[in-house]
Protein chains: 2
Amino acid sequence: MLDRVADKWSLLVIALLERRHLRFSELRRQIDGVSQRMLTVTLRQLERDGLVKRTVHPVVPPRVDYELTPLGATLHDTIRSLVIWTEEHQTEIAVARTEYDRRMADQVEAS
Amino acid sequence: MLDRVADKWSLLVIALLERRHLRFSELRRQIDGVSQRMLTVTLRQLERDGLVKRTVHPVVPPRVDYELTPLGATLHDTIRSLVIWTEEHQTEIAVARTEYDRRMADQVEAS
DNA sequence: CGGAATCCGCACTGATACTG
DNA sequence: CAGTATCAGTGCGGATTCCG
């Protein structure tokens, strides 16, 4: 279960859909680095889990809208706090990484 | 960045370390299904990111304790809300899944 | 446009052996 | 005990192609 919720792409999709419903191609453009395959797979899983609603408009060219279900909306609050956390602490983490890498390099040098 | 934080094993490690500091083997026992290799890798990443502190006790047999850093502790709150969410809604999700699977099966049958 | 299907490489796993 | 190292097997994810 955690696997699904803690999935990178799922988090991003839910974060984006909370603002407004989006089309497939809009999602793909806004989520940097997602392949078409993974976006499709992710959306299917979220739909299956009842977190996202998929609406197909029978027009030419085809148009598919995605939006959060009420259940999906309840998840959004905790998602957002996670996203906010990463934004707030990413510089701290960057510092920690460089320090760690330095310590490791020094250790090798000393040996 | 989200990759690291949204990682399955990282979440579980942080959730466990919040209660109390743990030894390597204790973590491994309590996290079901984690391989020794992935636990090692996960702990190294968390240490590098400054979320977990690693303490080696120079005794025989060796003993290594892991605990959350202050930075890691700030992450725990949002982690916990995520874990709580999954626990609270997992039956809802299970229902959604079976319904979805039924709809898909019916669709195939009708074709 | 929004997929489904296929192929393929790589990361993860599991097992085993070895070390401080 | 807490790792590191290595190898074989598997499954996920990327790139590409084709379809309604």
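Below, chains carry the letters A, B, ... as their sequence lines are ordered, and counting in each starts from 1. Computed from a predicted model, the values in this text were never measured in an experiment.
With the nearest nucleotide of DNA chain D identified for both T40(B) and R29(B), R29(B) has the one nearer the 5' end. If D7(A) and R28(A) are placed on DNA chain D by their nearest nucleotide, the residue sitting closer to the 5' end is D7(A).
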In residues 17-38 of chain A, what donor-acceptor pairs under 3.5 Å come from side-chain atoms, sequence neighbours left out?
{"unit_1": "E26(A)", "atom_1": "OE1", "unit_2": "R23(A)", "atom_2": "N", "d": "2.8"}
{"unit_1": "S35(A)", "atom_1": "OG", "unit_2": "M38(A)", "atom_2": "N", "d": "3.2"}

Contacts table for residues 63-78 of chain B: side-chain donor-acceptor under 3.5 angstrom, sequence neighbours left out:
{"unit_1": "D65(B)", "atom_1": "OD2", "unit_2": "H57(B)", "atom_2": "NE2", "d": "3.1"}
{"unit_1": "Y66(B)", "atom_1": "OH", "unit_2": "R54(B)", "atom_2": "NE", "d": "3.3"}
{"unit_1": "T69(B)", "atom_1": "OG1", "unit_2": "G50(B)", "atom_2": "O", "d": "2.6"}
{"unit_1": "T69(B)", "atom_1": "OG1", "unit_2": "L51(B)", "atom_2": "O", "d": "3.2"}
{"unit_1": "T69(B)", "atom_1": "OG1", "unit_2": "L71(B)", "atom_2": "N", "d": "3.4"}
{"unit_1": "T69(B)", "atom_1": "OG1", "unit_2": "G72(B)", "atom_2": "N", "d": "3.1"}
{"unit_1": "T74(B)", "atom_1": "OG1", "unit_2": "W85(A)", "atom_2": "NE1", "d": "3.0"}
{"unit_1": "T74(B)", "atom_1": "OG1", "unit_2": "L71(B)", "atom_2": "O", "d": "2.6"}
{"unit_1": "T78(B)", "atom_1": "OG1", "unit_2": "L75(B)", "atom_2": "O", "d": "3.2"}

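Taking atom CD1 of residue I31(A) and atom P of nucleotide dG2(C), one finds them 13 Å apart after rounding to whole Å. If you measure from atom CG of L43(A) to atom P of dG3(C), you get 7 Å, rounded to the nearest angstrom. When rounded to the nearest whole Å, the span between CG of L39(B) and P of dG14(C) equals 12 Å. At whole-Å resolution of the value, OH in Y66(A) and P in dC1(C) are 15 Å apart.
When all heavy atoms are compared, the tightest approach of T42(A) to V13(A) is CG2-CG2, 4.3 Å.
Considering CG of L46(A) and NZ of K53(A), their distance stands at 15.5 Å, rounded to 0.5 Å. Atom CZ of R44(B) is separated from atom CG of L39(B) by 10.0 Å, given to the nearest 0.5 angstrom. Of the inter-residue distances, the one linking E92(A) atom CD with Q90(A) atom CD reads 10.5 Å to the nearest 0.5 angstrom. To the nearest 0.5 Å, atoms CD (E88(B)) and CD1 (I93(B)) are separated by 11.5 Å. Note that the CZ atom of R80(A) and the CD1 atom of I14(A) stand 13.0 Å from one another [nearest 0.5 Å]. Rounding to the nearest 0.5 Å places CG of L11(B) at 11.0 Å from CG of L16(B).
Note: the hydrophobic cluster containing V52(A) also contains V56(A) (ILVMFWY, side chain heavy atoms under 4.5 Å, direct or indirect links). The hydrophobic clustering, which links ILVMFWY residues whose side-chain heavy atoms are closer than 4.5 Å, places L43(A) and V41(A) apart.
Near DNA chain D, meaning a heavy atom under 4.0 Å from it, residues 44-55 of chain B has R44(B), R54(B) in order of number. Using a 4.0 Å cutoff on non-hydrogen atoms, the parts of residues 16-27 of chain B near DNA chain D are R23(B), F24(B), S25(B), ordered by number.
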Quick tally for nucleotides 15-20 of chain C: nucleotides whose base has a protein heavy atom under 4.0 Å get B, sugar-phosphate-only ones S, the rest -, giving -----B

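At least one donor-acceptor pair under 3.5 Å links the side chain of T98(A) to the backbone N or O of A94(A).
Here chain A contacts DNA chain D (any atom closer than 4.0 Å to a heavy atom, that is under 4.0 Å), and the contacts span dG13(D) to dG20(D) from 5' to 3'.
One finds no salt bridge joining D101(A) and R97(A) here, because no Lys/Arg side-chain nitrogen approaches an Asp/Glu carboxylate oxygen to under 4.0 Å.
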